[in-house]
Amino acid sequence: METIKSRKEFEKVFSRGRRYGHRLVRVTVLRNDNEAHGKVAFVAAKRLGNAVFRNRCKRVLREAARSCGLPAQEADVILFATHATHNASPREVAAALGGLLGKACVA
RNA sequence: GAAGCGAGCCAGACGAUCGCGGGGUGCUUUGCACCAUGAGGAAAGUCCGGGCUCCACAGGGCAGAAAGCCGGCUAACGGCCGGGCGGGGUAACCCGACGGAAAGCGCCACAGAAAAGAAGACUCCCACUGCCCGCCUUGGCGGGUAAGAGAAAAGCUGAAACGGUGGUGUAAGAGACCACCAGCAUCCUGGCAACAGGGUGGCUUGGCAAGCCCCUUUUGGAGCAAACGCAAAUAGGAGCGCUAUGGUGUGGCCCGCACUGCGCUCGGGUUGCGCGCUUGAGGCAUGCGGUAACGCAUGUCCUAGAUAAAUGAUCGUUCAUGACAGAACCCGGCUUACAGGCUCGCUUCGCAA
RNA sequence: GGAGGGGUGGCAGAGCGGUUGAAUGCGGCGGUCUCGAAAACCGUUUGGCCCGUCUCGGGUCACGAGGGUUCGAAUCCCUCCCCCUCCG
């Protein structure tokens with residue numbers, strides 16, 4: 001699972017990507033025609049809670065992304081945690097994420 | 001049995017499948033398979049103390065900061081242990097920023113006569129004396145008032161008033177004198193010391209230093225984005241100013257020491273990889289020394305090293321249904337958060353023998 | 001990793017040991033003016049709880065939270081919580 005690492009890549013996806021929202025997860029997707037394979041990133045804002053809370057959120061997002069087969073070929077995707085992500089099961093989040101990716105036309 | 005006090009420990013467990021981090025082995029080089037391993041008692045807050053690295057050495061003085069009953073432990077500490085004193089609790093036990101107010105400055109609102117040495121200033125007390133009134137045996141007694149040598153007891157306040165209580169004494173009084181208590185000075189005894197006990201002396205000097213301050217002790221500055229190595233890139237560039245009892249290192253200042261151009265503006269490059277990076281003032285067990293903290297000796301164990309940052313998901317079994325919470329160079333503490341559970345020792349009360 | 005500043009009525013913002021429930025401004029409410037409104041001017045409410053009860057008066061707790069020093073703390077000191085800024 002290749003992840004977005006540098007600040008420049010994050011800036012690119014933030015400025016040019018499209019956003020989709022749900023109660024359990026929010027995503028920003030940038031379709032990427034030039035590069036061979038897409039990347040993925042997991043974000044939990046500091047205002048959500050302490051380090052344990054944010055780590056839990058990111059693990060749930062990571063599991064949901066894996067079950068959706070997410071490091072997709074054609075797009076970079078950033079997943080944002082919400083207040084509800086912490087208590088949700090990965091299955092619920094995966095269902096929500098699948099719906100959002102369908103809207104974004106990512107396989 | 002109930003209530004409580006102190007010390008210590010645990011922080012869901014087990015199995016199966018899928019997945020993640022670094023490590024090892026094999027295939028043989030993309031990667032895949034297998035093996036074991038992978039967060040805490042606080043990893044937290046960053047409040048102290050060190051190690052380590054760099055600043056030439058880490059020297060002296062001033063300033064600043066910190067500590068503050070005594071002795072010990074320790075690499076060091078603002079930590080810990082033991083003791084003293086003071087306070088709380090029936091007790092086990094717990095708590096304490098606990099040096100100095102006759103070195104000096106400052107503050108003490110309101111009330112009060114007076115608030116820090118103000119004068120014996122005011123009220124009050126009072127011998128002798130004058131005047132007035134009353135009683136009565138031409139003089140005395142009683143009361144009032146004025147002036148006063150004397151005296152510091154009383155003065156309604158306040159958080160706090162030139163020690164307190166009782167007595168002797170006197171016209172009235174006073175450490176003027178006596179007893180006890182508190183405080184001060186000094187001596188003796190015990191103790192390494194803080195301090196405790198006792199004697200003697202003169203008779204007394206408010207509180208606040210978490211106000212400034214004084215005394216004693218400690219303290220150079222930065223921090224793993226430190227520092228070192230490799231690779232890549234670029235312009236060992238341009239302009240202006242200041243100069244050698246100058247400038248920089250030095251980020252509080254001065255001396256000393258070292259180096260010899262430096263400062264500002266404009267322009268350019270750079271957050272890649274390796275190393276530091278986990279074996280350490282390390283843990284556990286036993287023995288010895290010490291009241292204890294701790295030290296010494298022997299044996300044994302190796303137990304995360306990520307870098308947009310690794311511990312999760314699904315299913316099953318079981319119980320007290322799982323709190324607070326995630327390593328980021330590493331240790332020793334402190335402080336704060338925390339569902340509960342277990343072990344040991346002790347205190348008080350009740351009941352039974 | 002390190003350094004500094006702040007938290008006070010509904011909001012902004014003084015006060016920094018002594019009658020401060022708390023200046024001042026914006027608010028809210030009532031009045032004057034107006035046909036009505038705005039502006040201006042005047043007054044008032046200014047917080048919780050408790051008590052009496054003549055709807056006015058009294059007591060107490062409140063300056064982020066909890067302790068301490070002091071006769072007395074928003075102010076001085078310690079611990080914790082939250083917010084903001086700066087440096088590398």
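It should be emphasised that the depicted structure is a prediction, and the values quoted were computed from it without experimental measurement. All chains are named by letter (A, B, ...) in the order of the sequence lines, taking the proteins before the strands, and each is independently numbered beginning at 1.
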Check your understanding: Quantified in whole Å, what is the C1' atom distance between nucleotide C/rU60 and nucleotide B/rU217?
Key -> 49 Å
Point to revise | Partner nucleotide of B/rC208 by Watson-Crick or wobble geometry (both distances under 3.5 Å) | key: B/rG106
Check your understanding: How far, in whole Å, is B/rC55 from B/rC27 if one measures between their P atoms?
Key -> 49 Å
Review point. Under the rule syn = chi within 90° of 0, otherwise anti, which is B/rU303?
Key: syn
Study note, to complete from the structure: One should read off an interatomic distance between A/Leu79 CG and A/Cys68 SG, to the nearest 0.5 angstrom, of 9.0 Å
Practice item. Mind checking A/Ala51 for me? I need base, sugar-phosphate or nothing, with any heavy atom below 4.0 Å counting as a touch. Key: sugar-phosphate
Exercise for review: Answer with base, sugar-phosphate or nothing: what part of the nucleic acid does A/Asn55 contact at a heavy-atom distance below 4.0 Å?
Suggested key: base
**Study point:** Between B/rA281 and B/rC73 - C1' atom distance, rounded Å
**Key:** 14 Å
Check your understanding: Which whole number of Å gives the distance between the C1' atom of B/rU318 and that of B/rC284?
Key -> 32 Å
Check your understanding: Is B/rU219 paired to anything, Watson-Crick or G-U wobble with both distances less than 3.5 Å, and if yes, which nucleotide?
Key -> B/rG64
Study note, to complete from the structure: The glycosidic conformation of B/rG249, counting syn as within 90° of 0 and anti otherwise, is anti
Check your understanding: At what distance, to the nearest 0.5 angstrom, does CZ of A/Phe53 lie from NE2 of A/His83?
Key -> 7.0 Å
Practice item. Classify the angle between the aromatic ring planes of A/Phe14 and A/Phe80 as parallel (below 30°), tilted (30 to 60°) or perpendicular (above 60°). Key: tilted
Exercise for review: Look at A/Thr3 and B/rA309 and indicate whether a side-chain polar atom (N or O) is within less than 4.0 Å of OP1 or OP2.
Suggested key: yes
Review point. Which nucleotide, B/rA308, B/rA309, B/rA325, lies nearest any side-chain atom of A/Phe10?
Key: B/rA308
Check your understanding: For RNA chain B, whose closest nucleotide is more 5', that of A/Asn50 or that of A/Arg62?
Key -> A/Arg62
Check your understanding: Which one is paired to C/rU75, where only Watson-Crick or G-U wobble pairs with both distances under 3.5 angstrom count?
Key -> none
Check your understanding: What distance, rounded to whole Å, do you find between the two P atoms, one in B/rU216 and one in B/rC95?
Key -> 34 Å
Check your understanding: Taking A/Val13 as the fixed residue, which of A/Asp76, A/Val29, A/Val77 is the one that meets the side-chain contact (heavy atoms from CB on, under 4.5 Å) rule?
Key -> A/Asp76
Review point. Does OP1 or OP2 of B/rA310 have a side-chain N or O of A/Arg59 closer than 4.0 Å?
Key: no
**Study point:** Selection: residues 78-93 of chain A, any non-hydrogen atom under 4.0 Å of RNA chain B
**Key:** A/Pro90, A/Arg91
**Study point:** B/rU314 to B/rG26 separation - P atoms, rounded to the nearest Å
**Key:** 38 Å
